[in-house]
Amino acid sequence: MSTPSRLADDLGGALGTLVGGTLGYYTFGLLVRQGFYAMMIPGALLGLGCSLAARDASKARGVACAVAALALGIFAEWRFFPFNADASLRYFLAHLGDLSGLTMLMIAAGAGFAYWLGRDGGRGRFGPGA
């Protein structure tokens, strides 16, 4: 793939990541308000958005999606479920180890889905790209 084509593909993937991550964050918030806990949603939709917007596969893009999904999962958890002792992000980050095992597992699973979905472009998992 030529450099301009790869750059366009990566920019498309980045835009898809932003759209998917935003949709995932707000979907998570909507589900929380309905009484559900779906912490994998932000990361999975982030990866799906990247995959749908990028045409060709890229493992590096998958890794970037996984890292972004970890950050988004931690951010979403903090925004919707801050610690009672101190609601600041700094305190939350300093006490990540105090989160329940299920919460950490679901954040990690969201990052796994982001990698798995984000590494493949539209021509990969989802059939021929346009």
Side-chain angles (χ1 to χ4, degrees):
M1 178 185 293
S2 67
T3 302
S5 180
R6 168 136 343 246
L7 180 62
D9 196 40
D10 288 343
L11 287 175
L15 180 61
T17 298
L18 289 173
V19 171
T22 301
L23 285 172
Y25 175 80
Y26 285 109
T27 301
F28 174 70
L30 177 71
L31 291 171
V32 164
R33 286 188 293 279
Q34 299 300 317
F36 297 101
Y37 185 71
M39 181 44 72
M40 291 184 284
I41 295 288
L45 287 182
L46 182 147
L48 181 63
C50 178
S51 182
L52 291 175
R55 291 190 313 243
D56 292 314
S58 169
K59 288 184 182 178
R61 193 180 307 117
V63 170
C65 284
V67 171
L70 273 175
L72 180 60
I74 291 168
F75 178 77
E77 181 68 22
W78 166 68
R79 291 292 291 159
F80 291 98
F81 301 104
F83 287 118
N84 291 331
D86 185 348
S88 71
L89 180 60
R90 171 177 270 171
Y91 184 87
F92 190 86
L93 293 175
H95 292 85
L96 278 177
D98 295 342
L99 294 175
S100 73
L102 180 62
T103 296
M104 291 192 281
L105 180 66
M106 290 182 78
I107 291 172
F113 278 118
Y115 171 77
W116 182 63
L117 292 167
R119 72 176 181 202
D120 292 326
R123 292 186 188 150
R125 184 173 326 286
F126 299 106

In residues 98-105, what donor-acceptor pairs under 3.5 Å come from side-chain atoms, sequence neighbours left out?
| from | atom 1 | to | atom 2 | distance (Å) |
| --- | --- | --- | --- | --- |
| S100 | OG | T103 | N | 3.1 |
| S100 | OG | T103 | OG1 | 2.9 |
| T103 | OG1 | Y37 | OH | 3.3 |

Under 3.5 Å, which donor-acceptor pairs link side chains of residues 81-89 to any protein atom two or more places apart or in another chain?
| from | atom 1 | to | atom 2 | distance (Å) |
| --- | --- | --- | --- | --- |
| D86 | OD1 | S88 | N | 3.0 |
| D86 | OD1 | S88 | OG | 3.2 |
| D86 | OD2 | S88 | OG | 3.4 |
| S88 | OG | Y91 | N | 3.2 |

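Of all heavy-atom pairs spanning G118 and C50, the tightest one is O-SG, 4.0 Å. The two residues G43 and A114 make their nearest non-hydrogen contact at O-CB, 3.3 Å. Closest non-hydrogen pair, G110 versus A69, comes out as O-CB, 4.1 Å. Of all non-hydrogen atoms in M40 and M106, the two that sit nearest each other are CG-O, 3.3 Å.
In this structure, the side chain of S51 does not engage the main chain of G47 through any donor-acceptor pair within 3.5 Å. In terms of modelled atom types and a separation under 3.5 Å, the side chain of R61 and the main chain of D56 share a donor-acceptor contact.
For the atom pair CG (L15) and CG (L52), the distance works out to 12.0 Å, reported to the nearest 0.5 Å. From K59, atom NZ reaches atom CG of D120 across 10.0 Å, with rounding to the nearest 0.5 Å. Between the OH atom of Y115 and the CG atom of L46 there is a distance of 15.0 Å, given to the nearest 0.5 Å. Note that the CG atom of L45 and the CZ atom of F113 stand 11.0 Å from one another [nearest 0.5 Å]. R55 CZ to D10 CG: the interatomic distance, rounded to the nearest 0.5 Å, is 10.5 Å. Interatomic distance, CD1 of I74 versus CD of E77, reported as 9.5 Å (0.5 Å rounding).
If you chain together hydrophobic residues whose side chains sit under 4.5 Å apart, L93 and Y25 fall into the same group. If you chain together hydrophobic residues whose side chains sit under 4.5 Å apart, V63 and L70 never meet in one group. By the rule that hydrophobic residues join a cluster once side-chain heavy atoms approach within less than 4.5 Å of another member, L18 and V67 end up as members of separate clusters.
Partners of A38 under the side chain to side chain contact (heavy atoms under 4.5 Å, CB included) rule, at least two apart in sequence or in another chain, are L31, I41.
Remark: of the listed residues Y26, F92, F28, F28 is the sole one forming a ring pair (Phe, Tyr, Trp, His ring centres under 6.0 Å) with F80.
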request  = Could you walk me through whether T17 and C65 pass the side chain to side chain contact (heavy atoms under 4.5 Å, CB included) test, one step at a time?
outcome  = CA-CA 7 Å; T17 298; C65 284; 3.9 Å; yes
